[in-house]
Structures are given as C-alpha cells and as structure tokens.
Amino acid sequence: MVYLDHAATTPMRQSAVDAWVEHAGALNAGSQHAAGRRANAVLAESRERIARALGADPVEVVFTGSGTEANNIGVRGLFGASQSGRVVSTPIEHPAVLEVVKALGQTGEDVAWLPVGRDGRISDLAALDTPAAVAAVMWANNETGAIQPVGEVVRRAGSVGTPVHVDAVQAVGHVPVNFHELGAVTLAASAHKFGGPRGMGILLARRSPVPQPVILGGGQERGIRSGTVDVASAAATAAALEEAVAEMEAERARISDLRDTVVAGVEAAVPEVIVTTGEPRLPGHAHFMFPGANADALIMLLDAQGIEVSAGSACASGVLRMSHVLEAMGYSEREAMGALRVTVGRTNTRDDVDAFLAAIPEVVERARAAGAL
Ligand code: PLP
C-alpha cells in the first residue's frame with residue numbers, strides 16, 4: 001500500500017506506542033493514593049515535555065479528547081468569557097472551528113469573516129481592527145496546506161484587545177510552533193497528526209483570560225476540560241511530539257523534496273492541472289484540481305491500485321460536496337469537484353512518490369472520461 005494521506009492521520013510512532021504500553025496500567029491521576037500519585041507524576045511529566053516542545057508553561061497544557069474538542073473549547077470558551085458579542089474568523093477553517101463560529105452566529109452574534117485570496121491565504125486583516133470576543137484563525141489549512149499569517153493576526157487583534165484562538169492542528173509537529181512567541185491566548189493541537197494516538201488533543205491556554213468550559217464536571221485540567229485524563233495517551237503524545245520536534249528540520253527538507261517531486265511530476269504529466277497553493281505551505285501538502293474529473297472517481301481509481309489519497313479532507317459522511325475552502329478561494333464547482341490532496345509523511349519514500357506518479361496520468365484521463373459521460 002502507498003499511504004499518501006498523512007494529513008488525515010499518520011501512523012503512530014514506535015516511541016508513542018512504547019510509551020503508551022509502558023503506562024497502560026496508569027490509574028486515575030486525580031486519586032490521592034499511591035497509584036493516583038504515580039499516574040499524576042506521569043501526567044505531570046508529559047505536560048512538562050509537551051510544554052517545552054511548544055514554548056508554553058506546563059500549567060498552560062490542557063489535555064482534551066481531540067483537536068475538535070480543543071478547538072471548541074478555545075472558540076466557544078473565549079467567546080463565553082467575554083462581554084463582546086463579536087467573532088472574527090475565516091471561511092477556510094476546519095469544521096471544528098467553522099461550525100462553532102457559525103453556531104455562535106446563529107445565536108445573533110456578529111461574525112466577521114476575513115477574506116481569503118486565490119492562493120488560499122487571508123488577504124485582508126482589517127476586520128481585526130474592531131474589538132471582538134475572539135478571533136479564530138488556523139495556522140495552516142488542512143486541505144491546501146497554505147500557512148496563514150497568524151503572527152500578524154495576533155498582533156493586529158492584540159492591538160484592540162481581542163484574544164486569538166489558533167487552530168494549529170496541522171502545524172504542530174511539522175513546522176516550528178512557539179506558543180509564547182506567537183502570543184495567542186489559546187491554541188489547539190491533535191496528537192494523531194504528528195504520530196501520537198488518535199483521540200488525544202491538546203489545548204494550550206494562557207492563565208488569563210481562562211476559556212469557559214464547554215462540558216461541566218469534576219474540574220480536571222484547571223476546570224477547562226473536565227473528565228479523567230488518559231495518562232497513557234498523554235505520555236504517548238509527549239513521546240511523539242518530542243520526536244517530531246527533534247527530527248523536524250531534517251524531515252521538513254526530506255518531505256518537502258518528495259512533495260516537490262509529486263507536484264513537478266503531476267504538472268509534467270497531466271494536462272490542465274491546477275496546483276492550488278504555493279509557499280508558504282506545509283512541507284507534506286500537495287493539492288491539485290483536475291477540472292472535469294470527479295474526486296470520488298480519482299480516489300477510487302487510485303485506491304484500486306493501492307494508493308491512498310483524499311479529496312481534501314476526510315469527510316465523515318463519505319458524501320463528496322464542493323469544498324468550502326476552494327469555494328472561499330474563488331474556484332468554480334467544476335474545478336473544485338476534481339480536487340485531490342496528496343500528503344506526504346514520515347513513512348513515505350521516493351518509491352511511494354514514483355508509484356503515485358506512474359498511476360496519476362491514466363487515472364485522471366479515466367476520471368475525466370467518466371465525468372464526460
Ligand atoms: N483542525 C484541523 C486543521 C484539522 O486538520 C483537524 C483534523 O483533520 C482538526 C482540527 C480536528 O482534529 P481531530 O481529528 O483531532 O478532532
């Protein structure tokens with residue numbers, strides 16, 4: 001199998017599996033007895049290692065059940081902690097942010113959308129000049145890989161006192177992320193995107209303002225995220241993140257080389273292809289549009305040859321709709337319905353890229369022929 005869908009999820013690193021197995025027997029970190037204290041020591045150490053890797057203080061690390069949950073707490077929680085009823089965001093957010101912002105909008109709040117250009121990047125920050133309860137902006141887009149000007153967003157929002165939540169789920173472990181240098185109030189990450197376990201998210205949350213909890217309960221994780229913490233997964237996440245950060249520089253060069261080979265190969269071999277975005281982008285992302293082809297057909301035809309890619313996001317319903325990201329970038333339905341995301345990761349080699357490049361010309365031709373019927 002040739003797995004080129006690392007942005008959807010990436011296999012767990014061996015270091016994470018080992019850490020998980022080592023601590024699988026950890027009990028409730030909130031218990032006062034010796035077993036609880038042992039679990040809590042592992043949790044505290046994991047928190048410290050994650051904080052160090054992301055330029056945060058240990059107290060700022062909040063374990064959650066997913067990147068989705070971390071985003072919900074960041075956006076809804078900062079909104080709830082403010083007197084203002086205004087929200088600023090972008091139309092290219094992952095649904096974990098977009099749906100929260102839209103839901104806030106439906107309750108009569110005032111939502112301002114930062115516009116996005118044809119290159120998939122925010123093109124105008126003026127909406128940040130009016131104070132808001134929260135500005136929610138992604139570090140890097142999960143479909144195109146386009147890196148957003150999050151530093152500028154934080155500076156501009158900060159000058160009028162607006163707290164910023166950053167969805168860094170695609171960025172953490174792949175490009176350098178330093179929470180204190182960035183200056184955001186909250187930041188979301190997800191372990192399964194950098195070789196940790198699925199079902200473990202991280203919310204970095206400054207001491208103040210504290211996001212209001214989304215779910216209520218026993219008050220774990222500073223009361224921001226109640227629920228007994230999965231200690232083994234926290235340890236596995238710390239191991240995966242440390243390894244990802246340690247090898248980041250070398251891997252970024254190797255992976256972006258493979259990605260550039262994918263892009264150049266497709267451009268040379270397939271007529272009428274749109275390469276969706278350029279630099280700055282995530283190292284592993286290659287995103288194309290093949291107008292006239294249907295992404296479902298492209299994916300199935302590649303899958304039949306053992307090559308696994310996606311249409312842009314791993315859609316839960318399995319029903320392909322036009323991507324809201326490509327729509328916001330100004331692409332037509334005909335263009336966007338032929339979208340294909342190829343994401344290179346840690347386990348890939350040149351052989352994987354060659355297998356994809358050998359298959360893609362005929363796959364596009366057949367998908368276009370099927371689309372024309
Ligand atoms: N935000 C972005 C940018 C993502 O790519 C994803 C996952 O695809 C999420 C949030 C959600 O993370 P999780 O799968 O951990 O809920």
Side-chain angles (χ1 to χ4, degrees), residues 3-12 16 50 61-77 89-103 116 120-122 136-148 150 153 164-175 177 184 186-204 214-215 225 227 230 233-234 236-237 240-241 244 276-277 280-287 308-318 323-326 328 339 341-345:
Y3 185 71
L4 289 165
D5 197 13
H6 289 267
T9 196
T10 196
M12 256 173 96
I50 289 167
V61 176
V62 175
F63 291 106
T64 70
S66 63
T68 298
E69 193 187 339
N71 276 316
N72 270 256
I73 301 172
V75 181
R76 204 178 271 282
S89 194
T90 83
I92 57 168
E93 297 301 308
H94 184 277
V97 167
L98 194 66
E99 294 304 320
V100 181
V101 173
K102 281 189 193 163
V116 170
R121 259 175 285 280
I122 301 167
V137 172
M138 66 194 337
W139 190 303
N141 184 264
N142 47 299
E143 294 186 24
T144 65
I147 292 180
Q148 306 301 322
V150 279
V153 167
V164 177
H165 169 77
V166 173
D167 175 1
V169 166
Q170 289 288 337
V172 165
H174 302 280
V175 294
V177 170
T186 52
L187 179 144
S190 180
H192 75 96
K193 305 291 188 184
F194 53 78
R198 279 154 284 282
M200 173 57 63
I202 300 166
L203 180 73
L204 299 181
V214 169
I215 51 163
R225 198 275 188 177
D230 177 352
S233 290
T237 299
L241 183 59
T276 313
T277 196
R281 61 183 152 173
L282 291 170
H285 269 67
H287 189 281
E308 298 174 318
V309 297
S310 81
S313 57
C315 178
S317 64
S323 148
H324 69 281
V325 174
L326 300 175
R341 178 183 73 176
V342 179
T343 47
V344 180

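For ligands, and for the atoms within them, numbers begin at 1 and follow the listed sequence.
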Return the residue, atom name and 0.1 Å-rounded distance of the protein heavy atom closest to [atom].
{"atom": "atom 1 (N) of ligand 1", "answer": "Asp167 OD2, 2.7 Å"}
{"atom": "atom 13 (P) of ligand 1", "answer": "Gly67 N, 3.6 Å"}
{"atom": "atom 15 (O) of ligand 1", "answer": "Ser190 OG, 2.6 Å"}
{"atom": "atom 4 (C) of ligand 1", "answer": "His94 CD2, 3.3 Å"}
{"atom": "atom 5 (O) of ligand 1", "answer": "Gln170 NE2, 2.8 Å"}
{"atom": "atom 7 (C) of ligand 1", "answer": "Lys193 NZ, 2.9 Å"}

**Asked** Side chain or backbone of Thr9 under 4.0 Å from ligand 1, or both, or neither, by non-hydrogen atoms?
**Response**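 Answer for Thr9: neither.
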**Item:** Glu93 side-chain N/O to Met138 backbone N/O, donor-acceptor pair under 3.5 Å
**Value:**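 Judged by distance alone, yes, a pair lies under 3.5 Å.
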**Flag side-chain contact, heavy atom, 4.5 Å: Ile50 against Ile202** =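 Yes. Closest side-chain heavy atoms under 4.5 Å.
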**Prompt:** For atom 16 (O) of ligand 1, which of Leu98, Thr68, Asn142 has the closest heavy atom?
**Reply:** Thr68
What distance separates [X] [atom1] from [Y] [atom2], expressed to the nearest 0.5 Å?
{"X": "Glu69", "Y": "Ile215", "atom1": "CD", "atom2": "CD1", "value": "5.5 Å"}
{"X": "His192", "Y": "Ser233", "atom1": "NE2", "atom2": "OG", "value": "12.0 Å"}
{"X": "His287", "Y": "Arg281", "atom1": "NE2", "atom2": "CZ", "value": "12.0 Å"}
{"X": "Leu326", "Y": "Ile92", "atom1": "CG", "atom2": "CD1", "value": "10.0 Å"}

**Numbered atoms of ligand 1 (with element) below 4.0 Å of Asn71, judged on heavy atoms** = 1 (N), 10 (C)
**Asked** For ligand 1, is His192 a contact, meaning one of its heavy atoms is under 4.0 Å away?
**Response** yes
**Item:** Test side-chain contact (heavy atoms from CB on, under 4.5 Å) applied to Ile73 and Val214, Val100, Thr68, Val62, the passing residue
**Value:**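 One option only clears the test, and that one is Val214.
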